[in-house]
Amino acid sequence: DVQLVESGGGLVQTGGSLRLSCEVSGFPYHDYIIGWFRQAPGKEREMLGCISRADGRAAVTDSVKGRFTISSDSAKSAVYLQLNNLEFEDAAVYYCAFEWEPEPLGPLRCLSRSYDYWGQGTQVTVSS
């Protein structure tokens with residue numbers, strides 16, 4: 001089975017940065033999409049963006065554009081979420097999720113995927 005493990009969360013001051021990692025195992029090919037999400041207490045899960053592992057194309061939602069970026073490491077089965085200029089409102093548990101994509105060079109469609117496998121999440125806390 002596919003397994004996802006997030007890491008890199010922690011405590012950071014407002015204006016600071018973090019890089020979250022999502023390690024993917026159990027799927028030796030590159031035809032998949034990784035989505036990044038977050039969920040703060042009492043709030044619905046929010047989609048942040050996604051990346052095609054096949055060619056590295058990525059997109060983020062308008063709510064975090066300009067501060068968050070998604071990337072991947074071609075040598076490793078890892079996807080990253082770079083968080084810059086963090087605000088109090090960014091505090092949440094951050095998750096990555098996997099969906100197999102038989103046409104990985106097609107449209108990313110970050111928001112309309114089912115994401116069949118999820119990681120356990122990594123906590124991001126923002127302080128003053």
Side-chain angles (χ1 to χ4, degrees):
D1 275 357
V2 175
Q3 292 188 331
L4 307 174
V5 178
E6 302 96 336
S7 62
L11 175 64
V12 62
Q13 290 185 324
T14 53
S17 298
L18 282 174
R19 189 177 80 158
L20 308 183
S21 299
C22 174
E23 298 281 345
V24 182
S25 61
F27 194 84
Y29 311 105
H30 285 180
D31 49 344
Y32 59 87
I33 303 292
I34 294 294
W36 280 100
F37 298 79
R38 68 183 177 186
Q39 188 164 23
K43 294 188 177 181
E44 291 188 356
R45 186 174 63 202
E46 178 185 7
M47 209 286 165
L48 301 175
C50 72
I51 186 166
S52 170
R53 191 66 179 85
D55 61 2
R57 285 176 301 129
V60 295
T61 58
D62 288 344
S63 64
V64 298
K65 191 172 291 183
R67 296 192 302 123
F68 293 6
T69 56
I70 300 173
S71 62
S72 62
D73 187 330
S74 60
K76 304 177 184 178
S77 295
V79 170
Y80 306 103
L81 177 65
Q82 179 69 40
L83 316 176
N84 294 329
N85 194 21
L86 283 161
E87 304 168 352
F88 288 122
E89 293 74 20
D90 295 318
V93 178
Y94 285 70
Y95 300 90
C96 60
F98 170 105
E99 181 178 291
W100 172 60
E101 173 51 73
E103 298 182 6
L105 303 183
L108 286 173
R109 299 188 294 109
C110 298
L111 289 169
S112 62
R113 295 184 175 275
S114 61
Y115 296 105
D116 306 305
Y117 298 92
W118 292 77
Q120 82 290 348
T122 186
Q123 176 74 51
V124 171
T125 303
V126 184
S127 68
S128 59

**Message:** Evaluate Tyr94 against Leu48 for side-chain contact (heavy atoms from CB on, under 4.5 Å), listing each step before the verdict.
**Reply:** CA-CA 10 Å; Tyr94 285 70; Leu48 301 175; 3.6 Å; yes

**Request:** For Gln13 and Ser128, test the side chains for any donor-to-acceptor distance below 3.5 angstrom and give the result as yes or no.
**Result:** no

**Message:** Could you see if Trp118 belongs to whatever hydrophobic cluster contains Leu111? Use Ile, Leu, Val, Met, Phe, Trp, Tyr and a side-chain cutoff under 4.5 Å.
**Reply:** yes

**Prompt:** Quick one: are Cys110 and Met47 in side-chain contact, heavy atoms under 4.5 Å?
**Reply:** yes

**Item:** Separation between CD of Glu23 and OG of Ser77, rounded to the nearest 0.5 Å
**Value:** 7.5 Å

**Prompt:** Taking C-beta and beyond as the side chain, do Ser7 and Thr122 meet within less than 4.5 Å on heavy atoms?
**Reply:** no

**Asked** Val60, Ile51: one ILVMFWY side-chain cluster at the under-4.5 Å cut-off?
**Response** yes

**Request:** Indicate whether any N or O donor in one side chain lies under 3.5 Å from an N or O acceptor in the other, for Ser114 and Glu99.
**Result:** yes

**Item:** Nearest heavy-atom neighbours spanning Asp73 and Arg53
**Value:** O-NH2, 2.9 Å

**Prompt:** Are Val2 and Val79 linked, directly or through other ILVMFWY residues, by side chains that come within less than 4.5 angstrom of each other?
**Reply:** yes

**Prompt:** Once you round to the nearest 0.5 Å, how far does OH of Tyr117 lie from CG of Leu4?
**Reply:** 10.0 Å

**Request:** Check whether any side-chain heavy atom of Glu6 lies under 4.5 Å from a side-chain heavy atom of Gln120, and answer yes or no.
**Result:** yes

**Message:** Between Trp100 and Asp116, do the side chains contain a donor N or O and an acceptor N or O under 3.5 Å apart?
**Reply:** no

**Asked** Got Phe98 and Phe27 here, is their nearest side-chain heavy-atom distance under 4.5 Å?
**Response** yes

**Fill in**
In short, Ile34 meets Cys96 closest at the heavy-atom pair CG2-CB, 4.0 Å

**Fill in**
Output for pair (Cys50 SG, Tyr115 OH), nearest 0.5 Å, gives 4.0 Å

**Prompt:** So which heavy atom on Ser52 is nearest to which on Pro104, and how close?
**Reply:** OG-O, 2.9 Å

**Request:** Answer yes or no: is there a donor N or O on one side and an acceptor on the other, between the side chain of Ser21 and the main chain of Gly8, under 3.5 Å?
**Result:** no

**Asked** Stepwise, does the side-chain contact (heavy atoms from CB on, under 4.5 Å) test hold for Arg38 with Val64?
**Response** CA-CA 12 Å; Arg38 68 183 177 186; Val64 298; 4.1 Å; yes

**Gln3 atom CD: more than 12 heavy-atom contacts under 6.0 Å** = no

**Asked** Mind checking whether Ile33 and Tyr29 sit in one hydrophobic cluster, side chains of I, L, V, M, F, W, Y counted as touching below 4.5 Å?
**Response** no

**Complete:** In this structure, CG of Leu81 is separated from CZ of Phe37 (nearest 0.5 Å) by 11.5 Å

**Item:** Closest non-hydrogen atom pair between Ser63 and Glu46, with its separation
**Value:** OG-OE2, 3.0 Å

**Prompt:** Are the side chains of Val5 and Cys22 in touch, meaning some heavy atoms are under 4.5 Å apart?
**Reply:** no

**Complete:** Taking every heavy atom of Ile70 against every heavy atom of Ala58, the minimum-distance pair comes out as O-CB, 3.6 Å

**Asked** How about Asn84 and Gln82: does a side-chain donor come under 3.5 Å of a side-chain acceptor?
**Response** yes

**Prompt:** Heavy atoms, side chains only, cut-off 4.5 Å: are Thr14 and Leu86 in contact?
**Reply:** no

**Request:** Report the distance from atom CH2 of Trp36 to atom CG of Leu83, rounding to the nearest 0.5 Å.
**Result:** 8.0 Å

**Request:** Check the pair Leu108 / Arg57 against side-chain contact (heavy atoms from CB on, under 4.5 Å), numbers first and verdict last.
**Result:** CA-CA 8 Å; Leu108 286 173; Arg57 285 176 301 129; 3.9 Å; yes

**Asked** Would Val124 and Leu18 count as a side-chain contact (heavy atoms from CB on, under 4.5 Å) if you check the C-alpha gap in whole Å, the side-chain angles of each, and the deciding distance to 0.1 Å?
**Response** CA-CA 9 Å; Val124 171; Leu18 282 174; 3.9 Å; yes

**Prompt:** How far apart are the closest heavy atoms of Asp90 and Glu87, and which atoms are they?
**Reply:** OD2-N, 2.7 Å

**Complete:** In this structure, CG of Leu20 is separated from OH of Tyr95 (nearest 0.5 Å) by 12.5 Å

**Request:** Before giving the answer on salt bridge (charged side-chain N to carboxylate O under 4.0 Å, His left out), spell out for Glu101 and Arg113 the whole-Å C-alpha distance, their side-chain angles and the decisive distance to 0.1 Å.
**Result:** CA-CA 10 Å; Glu101 173 51 73; Arg113 295 184 175 275; 2.8 Å; yes

